[in-house]
Amino acid sequence: MNSGTNALLGGANLTTLQAHILEQQQRNPEASGTLSWILSALSISAKVITSKVRRARLDDVLGSVGHENVQGEQQQKLDVISNEVLLRLLGGREGVAIVASEENEESVILRSAGAGDRKYCVLFDPLDGSSNLDVCGGVGTIFSILRFDQSASKPEDSLLQPGAQQVAAGYVLYGSSTVFVLSLGQGVDMFVLDPSIGAFVRVAQNLRIPAASKSYSVNEGNRRSFPVGYQRYLDWAQEHGYSSRYVGAMVADLHRILLKGGVFMYPPTAKAPAGKLRLMYEANPMAMLIEQAGGKALVAPGERVLDVVPSSIHQRTPLVIGSPSEVDHVMAHLV
Ligand code: AHG
Ligand code: MN
Ligand code: MN
């Protein structure tokens with residue numbers, strides 16, 4: 001490409017998410033394209049949700065719907081809208097057998113008869129950090145893709161696999177730009193939505209999380225009800241000049257940590273004795289992404305998030321995740 005053309009393209013390589021997915025598919029001679037179709041539904045969903053989030057105030061869809069979801073938390077109007085978008089788009093993809101969402105008590109079985117092409121389960125948090133919406137803060141979508149187990153006695157049982165078996169995981173951050181971060185099990189790649197062409201453009205390949213950074217991210221308002229080891233860690237971190245950064249939307253906090261380093265924690269609390277975050281569609285996909293980028297994600301010393309065998313789709317877990325040295329510092333105070 002000559003320099004004139006380069007200037008026209010702003011120096012960007014212009015590999016779209018779509019092209020990236022096809023590239024990955026071609027590298028795997030056994031790939032049938034089913035997963036690519038599912039990822040394309042997630043990419044379109046991300047564009048639709050971007051537009052809904054950006055227009056929320058103008059379209060008067062801020063605020064809560066007035067009742068709680070299955071988690072006992074206030075559902076925001078945009079939680080419901082984003083959930084609908086994902087259910088509809090994924091529902092149109094033949095390869096999806098089951099979807100499970102934070103916003104639905106039961107998983108939705110789309111196709112349970114006949115072998116066919118129904119190969120995958122998709123679990124998602126349609127809008128993470130949705131209480132940030134009213135104040136124009138960052139929110140996100142998180143997804144996890146598992147293989148559908150044709151031999152499971154009930155289709156739902158197919159969902160209860162440890163996170164280590166995820167085929168793909170990713171998140172979308174609706175921040176000052178919309179960012180799509182994806183892992184297909186071979187590193188982590190990042191894409192930014194170019195609104196002028198309506199496509200996600202690849203901006204980084206094989207991201208690596210910084211090994212250390214003196215920054216922690218936790219809701220310190222809960223400190224008095226954390227197990228004592230976490231309190232000892234916080235004392236240690238403050239004595240050692242750490243900064244505190246907490247957005248209150250895990251996608252936004254972990255995106256910062258992926259790029260700049262640090263550690264994110266949601267310990268058990270008096271209100272949430274098993275932790276607040278959901279294993280299957282919050283902790284697992286984030287753990288896969290952070291591990292793929294060279295980080296760590298643990299529920300307790302020596303216990304990887306990705307090894308937890310789930311017993312229900314909405315189960316919660318404590319979570320310590322981020323730069324490897326920073327996770328180690330937390331764990332050293334928990335033993
Ligand atoms: P969601 O909006 O999907 O329910 O998730 C909110 C989660 C997570 O994003 C965030 O890190 C955490 O809840 C914040 O919880 P606290 O307000 O208790 O700190
Ligand atoms: Mn969430
Ligand atoms: Mn949510």
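One-based numbering, in listed order, for ligands and for the atoms of each. Along the sequence shown, residues carry numbers from 1.
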Next item on the list: Tell me, please, which residues at least two apart from S130 pass side-chain contact (heavy atoms from CB on, under 4.5 Å).
Entry: Q76, D79, L127, L133

Notebook entry, point to check: Is it the case that D253 and S217 place a side-chain donor and acceptor less than 3.5 Å from each other?
Noted result: yes

Notebook entry, point to check: Any luck finding a side-chain donor-acceptor pair between S144 and Q166 under 3.5 Å?
Noted result: yes

Notebook entry, point to check: Mind checking whether Y281 and H314 have ring centres under 6.0 Å apart?
Noted result: yes

Next item on the list: Determine whether the aromatic ring centres of H329 and Y233 lie less than 6.0 Å apart.
Entry: no

Item checked: Aromatic ring pairing F143/F180, orientation class (parallel under 30°, perpendicular over 60°, tilted between) -> tilted

Next item on the list: Identify, chain by chain and in numerical order, each protein residue with a heavy atom under 4.0 Å from an atom of ligand 1.
Entry: E73, E102, D125, L127, D128, G129, S130, N219, Y246, G248, A249, M250, F264, Y266, K276, L277, R278, E282

Next item on the list: Spell out, as yes or no, whether a donor-acceptor pair under 3.5 Å connects the side chain of S215 to the backbone of G262.
Entry: no

Note to self: Closer than 2.8 Å to the Mn ion (ligand 2), what protein N/O/S atoms do you find?
What the structure shows: D125 OD2, D128 OD1, E282 OE2

Item checked: E94/K119 under salt bridge (charged side-chain N to carboxylate O under 4.0 Å, His left out): CA gap, chis, key distance, verdict -> CA-CA 9 Å; E94 283 294 311; K119 290 183 174 158; over 6 Å; no

Next item on the list: Could you tell me which residues satisfy side-chain hydrogen bond (donor to acceptor under 3.5 Å, both in side chains) with Q238, sequence neighbours excluded, listed by chain and number?
Entry: Y216, E220

